[in-house]
Amino acid sequence: MSEDPRDFLASVIGSGQPGQQGASRIIDLTLTLRSGMRGVECEPKVNFKEHGWNAQTLHLYSHCGTHMDASTHVDAGNQTIDEVPLAQCMGPAWLVKLDGIAPRKLITVADLGGIAARFSPADSLIIRTGWSAFADEEKWRDELPRVSLELARWCVDHRMKILGVEPSSVADVNNLPELIQIHRTLLSGGVSIVEGLTNLDAILQEKFFFAALPLKPLRGDGSPVRAFAIESGQLTTP
């Protein structure tokens, strides 16, 4: 698979109609933002009956729902979310299946299995834990499986593009030293972080095209994203 997102998109978009052999498939991996979710309020502004159109005012925490972190989130560099190149937000990705993982477990390089040996620079890694099933529960945030320092350093050493996870964070949000260390290791090493992914069980292929496109707030430390996968009929299933 080409490292250039344009090459891959050209090979899959329009490659066939749904249901045909060789057709591409787009899978939404984004949590739906709604009032009551942590860091989200959707306030009605005007309505069609009175004003001729519907509109809301959105109040969004920069790390709500499915989101991407910028280096300035943990003082890991000077790049803000509006400065992240779009090419850094998409590319080939591997799916690691860790369904049934225990709460608070540290995820290590050994958990990558055979993917570790096949990983190439500029690939991304998406870790499936099933944790998005708890997105409306406190355990989604407070008991999440975490990325180990060993794995974080491995990601940097292998020039990973994006590390994506289902929980709200790659590290224990209740352990500030760990939270800062893991985020700084990844972000200062050039690895983008996407947290709060969902629907990963809909991905059928081990390697696919992944994108997480953030909003563009000036000097932002992070942003909600629309994340998705594209599977091509040209790719083999695991």
Side-chain angles (χ1 to χ4, degrees), residues 1-5 8 27-30 66-71 73 76 84-101 105-132 144-172 181-214 222 225-232 235-238:
M1 185 185 299
S2 171
E3 293 180 7
D4 190 328
F8 184 79
I27 305 160
D28 191 356
L29 308 177
T30 315
T66 308
H67 64 274
M68 178 180 287
D69 296 341
S71 299
H73 180 42
V84 176
L86 284 177
Q88 177 64 28
C89 302
M90 61 184 79
W94 294 90
L95 181 67
V96 176
K97 301 176 184 179
L98 300 180
D99 304 79
I101 191 170
K105 184 182 184 300
L106 281 172
I107 302 170
T108 68
V109 176
D111 291 313
L112 305 186
I115 289 175
R118 290 178 284 161
F119 195 89
S120 298
D123 283 354
S124 295
L125 191 68
I126 308 302
I127 302 178
R128 190 178 90 188
T129 57
W131 212 251
S132 61
L144 53 83
R146 312 115 66 201
V147 172
S148 66
L149 182 58
E150 175 212 20
L151 178 55
R153 288 172 172 165
W154 185 92
C155 294
V156 172
D157 290 344
H158 286 74
R159 295 163 50 199
M160 184 177 295
K161 180 178 283 189
I162 301 169
L163 177 62
V165 299
E166 288 187 69
S168 59
S169 176
V170 291
D172 186 350
Q181 184 182 43
I182 299 302
H183 278 82
R184 275 186 176 171
T185 298
L186 292 165
L187 293 170
S188 65
V191 181
S192 293
I193 300 172
V194 175
E195 298 160 327
L197 292 168
T198 191
N199 200 32
L200 296 183
D201 57 341
I203 299 174
L204 302 179
Q205 296 177 334
E206 188 175 45
K207 196 173 187 183
F208 52 94
F209 181 87
F210 174 78
L213 305 179
V225 300
R226 188 65 179 260
F228 59 92
I230 301 177
E231 293 182 330
S232 169
L235 303 180
T236 57
T237 54

Enquirer: Does R128 pair with D99 as a salt bridge, N-O distance under 4.0 Å?
Expert: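 Judged by the 4.0 Å cut-off on N to carboxylate O distance, R128 and D99 do form a salt bridge.
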Enquirer: Do C89 and M68 have side chains that get closer than 4.5 Å, going by heavy atoms?
Expert: yes
Enquirer: Is K105 salt-bridged to D111, going by a charged N under 4.0 Å from an acidic O?
Expert: yes
Enquirer: So, D28 and R226, do they make that salt bridge, N to O below 4.0 Å?
Expert: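 Looking at R226 together with D28, the answer is yes, because their closest N to O distance falls below 4.0 Å.
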Enquirer: To the nearest 0.5 Å, what is the distance between OG (S71) and CD1 (I193)?
Expert: 8.5 Å
Enquirer: May I ask you to check whether over 12 heavy atoms, not counting those of R153, lie within 6.0 Å of atom CZ?
Expert: no
Enquirer: Side chains of L149 and Q181: closer than 4.5 Å at any heavy-atom pair?
Expert: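 A side-chain contact exists here, since the closest heavy-atom pair is under 4.5 Å.
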Enquirer: Just how far is it from atom CZ of R159 to atom CZ of F119, taken to the nearest 0.5 Å?
Expert: 10.5 Å
Enquirer: How far does CG of L125 sit from CG of L151, to the nearest 0.5 angstrom?
Expert: 7.0 Å
Enquirer: What's the spacing between H67 NE2 and T30 OG1 if we round to 0.5 Å?
Expert: 12.5 Å
Enquirer: For residues S124 and P92, determine if any side-chain heavy atom of one lies less than 4.5 Å from a side-chain heavy atom of the other.
Expert: no
Enquirer: Determine, stepwise, if the pair L213 / M90 fulfils side chain to side chain contact (heavy atoms under 4.5 Å, CB included).
Expert: CA-CA 8 Å; L213 305 179; M90 61 184 79; 3.7 Å; yes
Enquirer: Apply the test side chain to side chain contact (heavy atoms under 4.5 Å, CB included) to residues I27 and I230: give CA-CA distance (whole Å), side-chain angles for both, the deciding distance (0.1 Å), then the verdict.
Expert: CA-CA 6 Å; I27 305 160; I230 301 177; over 6 Å; no
Enquirer: Would you call E231-K207 a salt bridge at under 4.0 Å N-O?
Expert: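 Here E231 does not pair with K207 in a salt bridge, since their nearest N and O are not under 4.0 Å apart.
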Enquirer: Quick check: closest heavy atoms across V109 and E150, and the distance to 0.1 Å?
Expert: N-OE1, 3.4 Å
Enquirer: Please check: side-chain N/O of H158 versus main-chain N/O of W154, any donor-acceptor pairing under 3.5 Å?
Expert: yes
Enquirer: Does any non-hydrogen side-chain atom of V191 lie less than 4.5 Å from one of I162?
Expert: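 No, side chains not in contact.
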Enquirer: Evaluate the criterion side chain to side chain contact (heavy atoms under 4.5 Å, CB included) for residue pair V170 and L186; output intermediate values, then yes/no.
Expert: CA-CA 10 Å; V170 291; L186 292 165; 4.2 Å; yes
Enquirer: Looking at every non-hydrogen atom in both residues, tell me the closest pair between K161 and A122 and how far apart they are.
Expert: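 In this case the closest contact between K161 and A122 is CB-O, 3.6 Å.
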Enquirer: Ring centres of F210 and W94 under 6.0 Å apart?
Expert: no
Enquirer: Please report the closest heavy-atom contact between T185 and S188, naming both atoms and the distance.
Expert: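 It is O-OG, 3.6 Å.
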Enquirer: May I ask you to test the E206-R118 pair for a side-chain heavy-atom distance under 4.5 Å?
Expert: yes
Enquirer: Within the 4.5 Å heavy-atom criterion, are T129 and V165 side-chain neighbours or not?
Expert: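 Counting from C-beta outward, T129 and V165 never come under 4.5 Å.
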Enquirer: Does T66 use its side chain to pair, donor to acceptor, with the backbone of G196 at less than 3.5 Å?
Expert: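 Yes, because the side chain of T66 sits within donor-acceptor range (under 3.5 Å) of the backbone of G196.
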Enquirer: Mind listing the closest non-hydrogen atom pair of T108 and S148 along with its distance?
Expert: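 Heavy atoms of T108 and S148 come nearest at CA-OG, 3.7 Å.
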Enquirer: Would you check if there is a donor-acceptor pair between the side chains of Q88 and S192 at a distance under 3.5 Å?
Expert: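 The criterion, which ignores hydrogens and geometry beyond distance, is satisfied for Q88 and S192.
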Enquirer: How far does CZ of F208 sit from CD1 of I126, to the nearest 0.5 angstrom?
Expert: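 Spacing of CZ (F208) from CD1 (I126) equals 5.0 Å.
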Enquirer: Quick one: does P145's side chain get under 4.5 Å of L98's, heavy atoms only?
Expert: no
Enquirer: Can you see which heavy atom on C155 is nearest to which on L163, and at what distance?
Expert: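 Minimum heavy-atom contact is SG-CD2, 4.4 Å.
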Enquirer: For the CD1 atom of I182 and the CG atom of L187, what is their distance to the nearest 0.5 Å?
Expert: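 Separation between the atoms: 11.0 Å.
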Enquirer: Could you walk me through whether L200 and S132 satisfy the side chain to side chain contact (heavy atoms under 4.5 Å, CB included) test, starting with their C-alpha distance in whole Å, then the side-chain angles of each, then the deciding distance to 0.1 Å, before giving a yes or no?
Expert: CA-CA 9 Å; L200 296 183; S132 61; over 6 Å; no
Enquirer: Considering non-hydrogen atoms only, spot the tightest contact between H183 and S169 and give its length.
Expert: CE1-OG, 3.4 Å
Enquirer: For a 4.5 angstrom cut-off between non-hydrogen side-chain atoms, does P214 reach V84?
Expert: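 With C-beta onward as the side chain, the pair stays apart.
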